[in-house]
Amino acid sequence: MLPFLRKDLVELAAYKPHLGIGVASSISSTPTQSDKLDTNESPYDLPAELKEKLAWTYKELIETNRYPDGGHSLLKQAIAEYVNDSANLSSNVFISNNISLGNGSDELIRSILIATCLGGNGSVLDAQPTFSMYGILAQALGIPVVTVPRNPENFEMDLEAASTAIETTQEQPVRTVFVVHPNSPTGNCLTAAELTWLRSLPEHILVVIDEAYFEFSQMSLAAELSQHPNWVILRTFSKGFRLAAMRVGYSIAHPELIAILEKVRLPYNLPSFSIAAALIAIQNRSLLLESVSQTLSERSKLIETLSQYPELQISDSAANFIFLRFKPGFDNQTNNALKSLHLALKKSGTLVRETCGGLRITVGSPSENDRTLNRFQTAFKNLEL
Ligand SMILES: *Cc1c(COP(=O)(O)O)cnc(C)c1O
C-alpha cells in the first residue's frame, strides 16, 4: 500500500456503479441487450420533443468555453415552485434560498456530512437495510456510522435501538440521522411512529429525509419542513424525472443550512448542460410524469404475480421498485438460492440488484416486466430448493 494513503480508505468498499451502455454487454455471460432493472432508473428516455429542445438550448444558448451559472438561480426558482406546487403550499413558502443543488443528491449527502459531522464533530445514524451511500460517503470522510436494525418483517426502524444509540454514542455524538421516504431497497414509507420519533429529535441533530422516490410515492414532508429547522429534504432528477445521466439533485431546508451547503459545494458543481436539462424537465413535468401511473400499475402486476410463489416474501412498495426475499426456511444461511436466482436472471438478460438478503427489482416498461416475470419463472424452476 502506498504509505501516504489513509488506511481506512484502502479497506472501504466503494459503491458498485452501474456499468454503462455497451460495457455491461461486452463482459462475459451477459447477453447483448440486458434489461437494466438494477438501479431504479426510469425505463423511458426523455421524449424526442424535449431532447430537441435540449439540443436547441445546447446549440444556441450554451457557450462551452464559459463556466456554468454557479448560482443555479433559474433552476432553484423553478424547483421552489415545483416543491410548493406539489405540496399544495402557497407560492412563497419555499423560495430560492431554501434550495441547494448538487451533482446528484449524492453530492448533497456529502455536503451535509461535511457541514455536520466532519473533523470529529459527530457520527451518522441510519437503519439497515437502507441506501448504501450514506455509510460509504461518511466512511470516505472518516465519519463514524452508527447502524440500527429494522424489523425483519415490515422494515420499520428499531426506534428503541435508535434512541439508545443516540443516548449512548458519546465520543462523537450522533449529529445526523438519515431516513429514506420511501426506503430503498425495501420500498416502505415512514410510519406514524417513525414520524413521531423524527419530530421528537432535539434541534442539535439534523434529520435528512431522502425523498428520491417522491414522484412515485407522492408522500412528502415538505409541508412540515418550516416547523423544523433541523430537517432537510433531498430529492433527485434521477428517478421520476428520467435524468439519471445528468446528475442533478436538490435539497430543501432552512436558509441557514442551505447557505452552508452552498459554501461547501464546489463552485461549478453542475455542468451547463445538466442545468438546462433539469430546467426543461421541470418546465415540462406534466408530460414527463405521465409515465408514473403506468409504473405504479406495472408494480402491482409484478407484486401480484410474484406473490404467487409461496417461498417468497414480497414487500409493499411506494417506489418504482419491488423488494423480495425467500421466506425463512426456503434458503440457507449464505443465500445460495437467492444468489442462483440473481445469476440466472442476469444470464437470461435481466439485471437486478442483490442486496440485504433480497432482490431489488426496478419496475421497467411493460415488455421489460413481462420478460422479468418469464425469466423469473424459468430461473425459479431450476432452483434446488
Ligand atoms: C437513487 C437514489 C438517490 C439519487 O441519487 P442521485 O445522486 O441524485 O442520482 C438518492 N437517494 C436514494 C435513496 C436513491 O435511491
Side-chain angles (χ1 to χ4, degrees), residues 14-18 20 36-43 72 75 79 82-83 99-113 124-138 140 145 150 155 157 176-190 194 207-217 219-221 232-252 261 265-266 269-271 274-275 277-278 281-282 292 295 299 315 317-323 351-353 355-356 358-364:
Y15 184 81
K16 237 179 103 196
H18 193 82
K36 284 191 255 158
L37 304 177
D38 56 344
T39 44
N40 298 343
E41 297 147 335
S42 165
H72 315 140
L75 185 53
I79 288 171
Y82 168 58
V83 172
I99 309 289
S100 177
L101 285 153
N103 192 283
S105 33
D106 289 347
E107 188 199 7
L108 292 162
I109 296 166
R110 183 153 62 182
S111 293
I112 287 168
L113 293 169
V124 157
L125 181 136
D126 68 13
Q128 292 292 336
T130 196
F131 189 46
S132 60
M133 286 309 292
Y134 311 132
I136 293 172
L137 291 169
V145 181
R150 289 173 184 270
F155 300 113
M157 294 168 68
T176 306
V177 172
F178 283 95
V179 294
V180 198
H181 184 46
N183 190 40
S184 175
T186 53
N188 51 311
C189 280
L190 291 167
E194 287 169 329
V207 177
V208 183
I209 301 142
D210 189 336
E211 295 184 355
Y213 299 97
F214 166 71
E215 280 70 28
F216 304 100
S217 72
M219 302 280 273
S220 177
L221 294 178
V232 53
I233 290 177
L234 298 183
R235 300 233 190 114
T236 179
F237 283 83
S238 298
K239 308 285 161 58
F241 277 108
R242 318 186 195 180
L243 287 186
M246 300 296 164
R247 314 302 304 125
V248 187
Y250 61 96
S251 54
I252 320 162
L261 296 181
R265 69 171 171 83
L266 297 177
N269 58 341
L270 287 187
S274 298
I275 297 175
I282 209 146
V292 167
T295 300
R299 181 182 73 201
S315 312
S317 169
N320 65 335
F321 56 83
I322 63 167
F323 185 68
L351 304 179
V352 302
R353 189 145 180 119
T355 179
C356 310
L359 295 183
R360 193 192 66 192
I361 306 176
T362 307
V363 181

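When a ligand or atom number is given, it counts from 1 through the structure's own listing order.
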Does [X] have a heavy atom less than 4.0 Å from any atom of ligand 1?
X      : result
Gly249 : no
Met133 : no
Asp210 : yes
Tyr213 : yes

task = Grab the two heavy atoms, one from Ala127 and one from Arg150, that are nearest each other, plus how far apart they are.
result =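 So the two residues come closest at O-NE, 3.0 Å.
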inquiry  = How close do Thr39 and Thr362 get, counting heavy atoms only, and between which atoms?
reply    =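 Reported closest heavy-atom pair: N-OG1, 3.7 Å.
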task = Classify the angle between the aromatic ring planes of Tyr134 and Phe131 as parallel (below 30°), tilted (30 to 60°) or perpendicular (above 60°).
result =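 Perpendicular: the ring planes of Tyr134 and Phe131 meet at over 60°.
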Just which atoms of ligand 1 are under 4.0 Å from any heavy atom in [X]?
X      : answer
Lys239 : 1 (C), 2 (C), 3 (C), 4 (C), 14 (C), 15 (O)
Ala212 : 2 (C), 3 (C), 10 (C), 11 (N), 12 (C), 14 (C)
Val180 : 13 (C)
Asp106 : 5 (O), 7 (O)
Gly104 : 6 (P), 7 (O), 8 (O)
Ser238 : 6 (P), 8 (O), 9 (O)

ask   = Quick one: nearest non-hydrogen protein atom to atom 7 (O) of ligand 1, plus distance?
value =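 Of every protein heavy atom, Arg247 NH2, 2.7 Å lies nearest to atom 7 (O) of ligand 1.
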query = Nearest protein heavy-atom contact for atom 4 (C) of ligand 1: which residue, which atom, what distance?
reply =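 So the nearest neighbour among protein heavy atoms is Ser105 OG, 3.4 Å.
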query = Would you find a donor on one side and an acceptor on the other, under 3.5 Å apart, between the side chain of Asn103 and the backbone of Asn269?
reply =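 Here the side-chain-to-backbone pair exists.
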query = Got a donor-acceptor contact below 3.5 angstrom from the His181 side chain to the Leu190 backbone?
reply =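 Yes, because the side chain of His181 sits within donor-acceptor range (under 3.5 Å) of the backbone of Leu190.
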request  = Mind running side-chain contact (heavy atoms from CB on, under 4.5 Å) on Val248 and Leu101 for me, showing each step along the way?
outcome  = CA-CA 7 Å; Val248 187; Leu101 285 153; 3.9 Å; yes
request  = Before signing off on this row, confirm whether Tyr134 and ligand 1 have an N or O atom pair separated by under 3.5 Å.
outcome  =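 Between Tyr134 and ligand 1, no N or O pair is found under 3.5 Å apart.
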task = State, without any angle test, whether Asn40 and Tyr213 hold a side-chain donor-acceptor pair at a distance under 3.5 Å.
result =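 Present: a donor and an acceptor within the cut-off.
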query = Taking the six-membered ring for Trp, is the centroid-to-centroid distance between Tyr82 and Tyr250 below 6.0 Å?
reply =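 No; Tyr250 has its ring centre 6.0 Å or more from that of Tyr82.
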ask   = Is the count of non-hydrogen atoms from other residues, nucleotides or ligands lying under 6.0 Å from Arg110 atom CZ greater than 12?
value =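 Incorrect, the count does not exceed 12.
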query = With backbone taken as N, CA, C and O and side chain as the heavy atoms from C-beta onward, which portion of Glu107 lies under 4.0 Å from ligand 1: side chain, backbone, both, or neither?
reply =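 The answer is neither.
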